[in-house]
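Sequence lines set the chain letters: A, B, ... in the order given, protein chains first and strands last, and positions in each chain run from 1.
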Protein chains: 2
Amino acid sequence: MKTMPLDQTIIDRRAAIIAAMRAIVGEERLITSDTAMRPYESDALTAYRQLPLMVVLPDSVEEVAKILVYAQKENVKVVPRGAGTSLSGGALPLADGILMSMARFNEIQKIDYDNLCVTAGPGVTNLSITEAVQDRGFYYAPDPSSRIACTIGGNVAENSGGMHCLKYGLTTNNILGLEMVLLTGDVITLGSDDFTEGGLDLMGLVTGSEGMLGVVTSVTVRILPAPPEAITMLVGFPSVEAAGETVAGIMRRGLIPGAMEMMDRLAVKATEAFVASGYPLDAEAVLIIELDGTREEIKSATALVKKVASGFGASSIVVSTSEEERLAMWQGRMSAFPAVGRLAPDYYCMDGTIPRGKLPEVLTAMSQMSRDFGLEVANVFHAGDGNLHPLILYDANEPGQLERAETFGEEILKLCVRVGGVLTGEHGVGIEKRDLMSEMFTETDLNVQQRVKCAFDPDGLLNPGKVFPTLHRCAELGRVHIHSADGARFPNLPRY
Amino acid sequence: MKTMPLDQTIIDRRAAIIAAMRAIVGEERLITSDTAMRPYESDALTAYRQLPLMVVLPDSVEEVAKILVYAQKENVKVVPRGAGTSLSGGALPLADGILMSMARFNEIQKIDYDNLCVTAGPGVTNLSITEAVQDRGFYYAPDPSSRIACTIGGNVAENSGGMHCLKYGLTTNNILGLEMVLLTGDVITLGSDDFTEGGLDLMGLVTGSEGMLGVVTSVTVRILPAPPEAITMLVGFPSVEAAGETVAGIMRRGLIPGAMEMMDRLAVKATEAFVASGYPLDAEAVLIIELDGTREEIKSATALVKKVASGFGASSIVVSTSEEERLAMWQGRMSAFPAVGRLAPDYYCMDGTIPRGKLPEVLTAMSQMSRDFGLEVANVFHAGDGNLHPLILYDANEPGQLERAETFGEEILKLCVRVGGVLTGEHGVGIEKRDLMSEMFTETDLNVQQRVKCAFDPDGLLNPGKVFPTLHRCAELGRVHIHSADGARFPNLPRY
C-alpha cells in the first residue's frame, strides 16, 4: 500500500479554505461532509480509499482559474477528477488536497463535420461523443471498457485506450486540441482543429499527464467515418502460446484487425457461466477478432486469420454471420471483468504492455507465477497491441492476500519491462505503479520528466504523489518561477 | 530578413573550439574551411545563408554526447542538421555555432515485423525506410516531397508531413520511439515499440521540437501494410472555390482519400509545359485525388467523389485505369514545384494550414493579395488537410522584390491564423516564421513553451534564434539547472 504525503497545516486551515472555495463556486457546488464526500473517496482502484479535504465542482473556466490561483497562493494541493473510473488511482483524493470534479463541464460545444472534429467539455462521457455523431456515420475511436461512464477529460489525463486502439490508436492519436488552465490562472490553448501548429507540441505532452500540468477545460477530438461493415471471429486454441503466436502471426502478415482480444481458460469459464456467449469451454485460450471494412476486405482478412490460426493449431473457428451474432460474441468479452469478479471476493486488474512477439513467453511465465503466489489469475486483454490485463483473484478479508496480490502484480509488470515492454498500456501510472517507474526509467529519464513538470507546477500542487516515485522539490532540479505573463483573460485575478 | 544573434567571443575562441572538436571526432569528420562548409550554408530556404563556425560529423552516440557536454561547458551554440531540406530555415547555421551533421547515423538498425516497426539512425532517408520493408508489403506513411533526400531525424525535428498525411497522419502520428542525447551528455530513450509508456509523453514533445531540446540519435517508426490497390482521379473545376467546396464536401461525407491535392491554373499551366501529364489547361483548379484500399472500397469512393465533384460543377473528371496512368497523373503534381520554378527567377514556398471549410474564402483572398502585391502566386497544396503551399514568384535581382515576397507570405500566414488556421502545416517554424509566432500564440503560450525548452536547455544553446520570436533568458522564466543524474553510460564525461 503506497502512502501519500500529508501536510497537517492544511488540515488545520480547512475552514479558511472552505470559505475561499465557497466564495468562488458557491454553497451548492462545494461538498465538505464526510457522508457527501464518500462517493469521491476512491476511483476504480478501490483498494485505495481516502476522503479529500473537500470537493469543489466548478462550472466555468474562470472558476477553475480562480481555484488554481488560490491553490498556488495558499499552497493547497489539487486533484482533478473526471468520472473516477481510473484503474491506477490517478484520481485518488488527498486528505490535504482539494478534489476538483470536472463533472459540470458536460456539454458538447461544437460538432464540425467539415473538419471532422468534436469539441467537448472534459466532463462529457466518451460514449456520448460517438452518440452525437453516429447518425451521420461517424464515431470517436478510442473505446475504454468504461466508455459509458468515463469522461473525455479523464481519457486525456490517462491517455486511455480500448479494444479498437490496435487499429485506431490511443487517445493521444485522436486528440486535435485542448484548452487548459495553468496554476497561474492563465488559460492556454494547445493544438487546433488542424494536424499541427508549430512551436513545441505541448498537447502531446499534456495528453497522458495525469492531471499534473494543469486542468483541461475543453477537448477537441478527431472523429472517423464508421467502417461500412464488421464481423467477429471466435477462435479457440489448445494453448495460450498458440493464441499468442497467432496474434503476432496475423500482424506480421500485414493485417491489422479492428480489434484482437484474448481470454484464457479461466476467464472464458467465468464468462460462460455469467453470460452464455458460446465461447469454447475446452479451449485454453480464445481470440475474439474483429475485422472491419468493406465486404471484400473482410472476406480476404477472414481467410488470412483462418490460415494463420489453423497453422498454429486452432481448435475451433467461428465467424459471425449476422450483426446479432457479432454483438453476442462481444457480449462475452464485455462481461469478462464482472464475470471474473464472481470467482473471488476481489480481483486486481493489472495493465502492462509487451512486444507482441513476447506474448507466449510472458503468458507461460505468468501461469508459473500464479502457482508460486498461490493466487489464481485470469487473463482478459488487448492481445493485438500486447496490452495485458491479468486479473489477479484474491480475498481482501484474508490477511495478507491483498499484499500478495499487489506483489504478484508488481512482478508481472517488472516482467513486462524485462521483455522490452512498458508499465502501462492504457490505465496510466497513478499511485498504483508509481513506485515501479524506476523499473522502466533511469534517474535521468525521471529527472527530465520532473523538470518538465516543474515548468508547469513548481510547487508540486497538481495531483502530487502520483506517477513519480520520488517527488523531488523543483528547487533540486532547478526551480521554475511561474510568473503570469498574460492577465488579459482574467484581469481581476491576483498575480505572483 | 530576420537577423540572428552573434557572440563575438565565440568567434575569437574558434581555434580552441576546433581543437576540442578534433579531439572528439578526428580530422576527417571536422569541416572548417569556407569552401568545404559552403554546402552547409543554407537549407532549402535558400534566401537565408550563413556559414557555420564549423561543421562536425559525429558517428556515435558517445561522440554526440561529448560534443554537447563540451558545448554546454564552453557555452557554444549547436545546430543539429539532417539533410538540410528544411523549408523554414530550421537547419540554418549560426556564425557562432557548431553545425552538427547527423549524416553518419545512416543505418537501419532493426526491422521488426512482429511489432511492425523499424528502428533507424536519424541520418537514414525517409524513402529508404519504405524501401527496406516494401518487399514484405509494408511502408512508412509520411511522405514529404523531399523523401528521397530528407532524413527521418529531420522529419522528427520538423514533424514533417506529405501527400498521404491526410489519411495516415504526420510524423508525430507514426513515431514509436526515440533515443536522444541531452546537453548533459545523458542519453534518454523516449517511447518504445509499444503505443505508450507511462509518465510524461516527452516523445510527443520532442517530435516537432526543431532541434531545441536535444539531439536525436535513433528513431523507431511504425510501418503500415501497403493498401492492396490505389487509383488516382484528376478533377478539373471552373473555379478554385468549387474545388475547395469539393474537398470539404468529400470529407464531410465521411470519405478520407489517401491523398487530396490541389493545383491552381498557374501551377497546372507551368506543370503541363514542363511534363505533359494531361492536366486540363482550361480548368481554374485541379484536384488530384488518390483513393486506396480494396477494389470494392475504391469503387464506392470513386462514385462518391464523382457525385460531390459534379455537384460543385466539375468541368472534367478522369480516373486512372492502370498503374502507369496513375503514376503519370502524380508525375504532374510531383513536378509542380520545379515547373513553377521555371516561371520566375525565384519563388517563395509558403506553408500554412486552415480549416478545410475556409479553403474557398482563403483562396479568393490570396488572388486579391497577389494583385495588390503585384506578385504572381501559384497554388500547389495538400487540400485535404487544408495545408496550403502558395508559391510566390519573384526576382531576387529586382530590388525590393524579395522583401515584397516575404511580406506577401507573412500576410498569407496571418490570414491563415485569422480564419482559425495555423502558421505551419509540415515545414516547421524555423527562422522563417519565428517572428509570426505571436500572431498565433499569446505571450503566456510562448512563455510556457519556453519554460519547457529551458527544462532541457537552460542556456539556450540548441538551435537558438529559431521558433521563438524573443529568446527569453531562462532566468527570466525561472532558470532550470540541469545537473546530470545518471553518469552510468558515459562515466568519463565531465559533470556539472
Peer 1: Pick from B:S300, B:A226, B:G254, B:G204: which one has the most heavy-atom pairs with chain A under 4.5 Å?
Peer 2: B:G254

Peer 1: Heavy-atom distances under 4.5 Å only: say whether A:S88 touches chain B with side chain, backbone, both or neither.
Peer 2: neither

Peer 1: Of all residues at least two apart in sequence or in a different chain, which pass the salt bridge (charged side-chain N to carboxylate O under 4.0 Å, His left out) check with B:D351?
Peer 2: B:K433

Peer 1: Quick check on the interface: out of B:L224, B:V247, B:V417, B:I256, who has the most heavy-atom pairs with chain A under 4.5 Å?
Peer 2: B:I256

Peer 1: Of the backbone (N, CA, C, O) and the side chain (C-beta and beyond), which part of A:V467 lies under 4.5 Å from a heavy atom of chain B, both, or neither?
Peer 2: side chain

Peer 1: Write down the atom of B:L213, the atom of B:F456, and the distance for their closest heavy-atom approach.
Peer 2: O-CB, 3.5 Å

Peer 1: At a heavy-atom separation under 4.5 Å, does A:I250 approach chain B through its side chain, its backbone, both, or neither?
Peer 2: neither

Peer 1: Select, from B:K358, B:E210, B:H427, B:R252, the one with the greatest count of heavy-atom pairs under 4.5 Å involving chain A.
Peer 2: B:R252

Peer 1: Going by the angle between their ring planes, with limits at 30° and 60°, are A:F138 and A:Y113 parallel, tilted or perpendicular?
Peer 2: tilted

Peer 1: Just how far is it from atom NZ of B:K453 to atom CG of B:N447, taken to the nearest 0.5 Å?
Peer 2: 15.0 Å

Peer 1: Applying salt bridge (charged side-chain N to carboxylate O under 4.0 Å, His left out), name anything that partners A:R295, two or more places apart in sequence or on another chain.
Peer 2: A:E229

